[in-house]
Amino acid sequence: QVQLVESGGGSVEAGGSLRLSCAASGYTVDSACMGWFRQAPGKEREGVAAMDRRGGTTHYADSVKGRFLISRDMDKNTLYLEMNSMKSEDTAMYYCAAVDQYWCGGSWYSMTRYDYWGRGTQVTVSS
């Protein structure tokens, strides 16, 4: 059974940084496509970043390009999202997601692309 558990959320001032973690069990983080999504109150869940299987392509939403970095640690079987130069509009619940396919593809940002989800971790950015 696949389980994804996010951590690392919290409160930060605008301009600050946070690193989110997604610990996986029943799933190998470098074996297939994994991603990060976020959902702000009253808004739809949106794709933030995704990563193909080992050595593959990374994908980013335009709103986070140059500020966020997705990575994985195979030894810890953990996916990360490093968030820098944070803005108030980054405030949201952040979710980790995974799918049993090598490549994320052009629809990496779509919720329907993914089979497994974590429960989320809250990020609040104050201006």
Side-chain angles (χ1 to χ4, degrees):
Q1 183 178 357
V2 175
Q3 188 173 15
L4 304 174
V5 180
E6 302 94 337
S7 62
S11 297
V12 64
E13 291 186 353
S17 299
L18 280 176
R19 189 178 76 161
L20 305 183
S21 300
C22 172
S25 58
Y27 186 92
T28 304
V29 297
D30 67 336
S31 65
C33 168
M34 294 191 73
W36 287 96
F37 283 71
R38 67 186 181 187
Q39 187 167 18
K43 294 188 177 181
E44 293 186 355
R45 194 171 298 187
E46 63 175 356
V48 175
M51 174 177 270
D52 289 345
R53 69 169 301 197
R54 184 187 321 137
T57 303
T58 54
H59 312 267
Y60 294 94
D62 288 343
S63 59
V64 306
K65 277 182 183 176
R67 300 189 299 122
F68 289 12
L69 179 69
I70 187 171
S71 64
R72 55 167 68 105
D73 184 324
M74 292 177 279
D75 291 337
K76 296 182 178 179
N77 205 34
T78 299
L79 183 75
Y80 298 102
L81 183 69
E82 183 175 340
M83 304 184 292
N84 301 304
S85 301
M86 296 185 73
K87 305 176 182 180
S88 57
E89 50 262 45
D90 295 323
T91 295
M93 184 72 80
Y94 283 72
Y95 299 90
C96 174
V99 61
D100 287 330
Q101 295 184 26
Y102 289 167
W103 317 118
C104 300
S107 60
W108 69 267
Y109 53 86
S110 172
M111 287 182 58
T112 60
R113 185 77 179 88
Y114 298 84
D115 300 317
Y116 311 108
W117 292 85
R119 293 190 174 186
T121 185
Q122 178 68 38
V123 171
T124 303
V125 184
S126 58
S127 57

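Here the structure is a predicted model, which is why all the values come from computation and not from measurement.
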Are any non-hydrogen side-chain atoms of [X] and [Y] less than 4.5 angstrom apart?
| X | Y | result |
| --- | --- | --- |
| Leu79 | Ile70 | yes |
| Trp108 | Thr57 | no |
| His59 | Asp52 | yes |

What pair of heavy atoms forms the shortest contact from [X] to [Y], and how long is it?
| X | Y | value |
| --- | --- | --- |
| Ala40 | Thr91 | CB-O, 3.7 Å |
| Val99 | Asp115 | CG2-OD2, 3.2 Å |
| Cys96 | Leu4 | O-CD1, 3.9 Å |
| Thr78 | Ser21 | CG2-CB, 4.0 Å |

Check residues 82-89 and write down every donor-acceptor pair under 3.5 Å in which the side-chain atom is one partner and the other belongs to a residue at least two apart or another chain.
from	atom 1	to	atom 2	distance (Å)
Glu82	OE2	Asn84	ND2	3.4
Asn84	OD1	Ser17	OG	2.9

* Qualifying side chain to side chain donor-acceptor pair (under 3.5 Å) pairs, either residue in residues 92-106, two or more places apart -> Arg38-Tyr94, Asp100-Tyr116, Gln101-Arg113
Pairs of donor and acceptor atoms involving the side chains of residues 117-127, under 3.5 Å and at least two apart or interchain, shall be tabulated with distances.
from	atom 1	to	atom 2	distance (Å)
Thr121	OG1	Gly9	N	3.1
Gln122	NE2	Ala92	O	3.4

* **ring pair (Phe, Tyr, Trp, His ring centres under 6.0 Å) against Trp36, all qualifying residues, sequence neighbours excluded** => none
* To do: Check side chain to side chain donor-acceptor pair (under 3.5 Å) between Gln39 and all other residues, then give those that pass, not counting sequence neighbours.
  => Arg45
* To do: Name all pairs fulfilling the salt bridge (charged side-chain N to carboxylate O under 4.0 Å, His left out) condition that reach into residues 16-30, sequence neighbours left out, sorted by first residue then second.
  =>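 Pairs touching residues 16-30 that pass the test: Asp30-Arg54.
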* Asked: Going from CE on Met34 to OH on Tyr114, what distance comes out if it is rounded to the nearest 0.5 angstrom?
  -> 9.5 Å
* **Same cluster (ILVMFWY, side-chain, under 4.5 Å), Leu18 and Met93** => no
